[in-house]
Amino acid sequence: AAALAVARQHLLLGVGTARVLLQWSVGGQIFTASFAHNEYLQLLTQDGVVGLAVLLVGLVGLFTRLARRRGDATAWSAECGAACLVALLVQSSLDFLWHIPVIPLLTATVLALATTATPTPATAAATFSTVEGTGVS
């Protein structure tokens, strides 16, 4: 609720990185935090609707690329990349994972491999001969 209150006041561009101050009171006692423990609320608070839109455009692009890769001989890598990305996105709604550098770096590495992996000649030949042997063209 505190993150949404700050986001409403700075909806378009947010308050900026490292300027988030979330405050709320319970039973007359005031609590303060810098992180919303929800990456999407944190992004909305820091960067506003513009930052959230940039994230969504990037995610749509990634999922589109991964969906196109599913027909390749290395379809398993696209499926692994999509599964990794979905797991990160779901967990990001419950915690602030993007602030732990190893997690986004590992995800970026998996996605880079999933979107750029090319089949080796042996893999492509094995896939072609399997399809050819079953009568599927």
Side-chain angles (χ1 to χ4, degrees):
L4 286 174
V6 171
R8 270 188 233 115
Q9 293 173 355
H10 305 278
L11 191 58
L12 187 61
L13 297 175
V15 296
T17 306
R19 296 188 61 203
V20 175
L21 181 61
L22 307 174
Q23 293 182 334
W24 66 97
S25 69
V26 175
Q29 189 175 12
I30 296 177
F31 295 92
T32 304
S34 297
F35 298 108
H37 290 271
N38 178 320
E39 287 292 356
Y40 309 109
L41 280 176
Q42 187 75 23
L43 184 66
L44 181 64
T45 304
Q46 286 180 184
D47 302 319
V49 174
V50 173
L52 204 54
V54 169
L55 174 69
L56 290 175
V57 167
L59 289 174
V60 167
L62 269 172
F63 278 116
T64 302
R65 175 74 175 144
L66 290 169
R68 287 184 184 151
R69 297 285 305 194
R70 290 191 69 218
D72 294 350
T74 56
W76 64 271
S77 66
E79 292 166 357
C80 289
C84 180
L85 186 56
V86 167
L88 176 74
L89 293 176
V90 169
Q91 183 63 31
S92 295
S93 67
L94 304 170
D95 207 352
F96 54 106
L97 297 179
W98 303 347
H99 293 85
I100 304 169
V102 71
I103 294 173
L105 288 174
L106 181 59
T107 303
T109 303
V110 168
L111 290 172
L113 292 172
T115 57
T116 60
T118 56
T120 61
T123 306
T127 303
F128 179 72
S129 65
T130 303
V131 170
E132 187 178 89
T134 60
V136 176
S137 57

Just list the side-chain donor-acceptor pairs under 3.5 Å for residues 103-110, sequence neighbours left out, or say none.
| from | atom 1 | to | atom 2 | distance (Å) |
| --- | --- | --- | --- | --- |
| Thr107 | OG1 | Ile103 | O | 2.9 |
| Thr109 | OG1 | Leu105 | O | 2.8 |

Donor-acceptor pairs under 3.5 angstrom involving side-chain atoms of residues 45-65: please list them, not counting sequence neighbours.
| from | atom 1 | to | atom 2 | distance (Å) |
| --- | --- | --- | --- | --- |
| Thr45 | OG1 | Ala3 | O | 3.4 |
| Thr45 | OG1 | Leu41 | O | 2.7 |
| Gln46 | OE1 | Gln42 | NE2 | 3.0 |
| Thr64 | OG1 | Val60 | O | 2.7 |
| Arg65 | NE | Thr115 | O | 3.2 |
| Arg65 | NH2 | Thr115 | O | 2.6 |

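Alongside Ile30, the hydrophobic cluster contains no other residue (criterion: ILVMFWY side chains under 4.5 Å).
To the nearest 0.5 Å, the span separating CD on Glu39 from CG on Leu94 amounts to 11.0 Å.
Leu97 and Val102 fall within the same hydrophobic cluster, where Ile, Leu, Val, Met, Phe, Trp and Tyr residues are linked whenever their side-chain heavy atoms come under 4.5 Å apart, directly or through other members. Side-chain heavy atoms closer than 4.5 Å link hydrophobic residues (I, L, V, M, F, W, Y) into clusters, and following such links, possibly through other members, connects Val86 to Leu88. One hydrophobic cluster, built from ILVMFWY side chains closer than 4.5 Å, cannot hold both Leu113 and Leu85; they sit in different ones.
Contacts of Phe35 classified as ring-ring contact (aromatic ring centres under 6.0 Å, His included), with partners at least two apart in sequence or in another chain: Phe96, His99. Annotation: side chain to side chain donor-acceptor pair (under 3.5 Å) contacts of Trp24 (sequence neighbours excluded): none. Judged as a side chain to side chain contact (heavy atoms under 4.5 Å, CB included), and not counting sequence neighbours, the contacts of Ser93 are Asn38, Tyr40.
Here the closest heavy-atom approach between residue Ser77 and residue Ala114 is recorded as O-CB, 3.1 Å.
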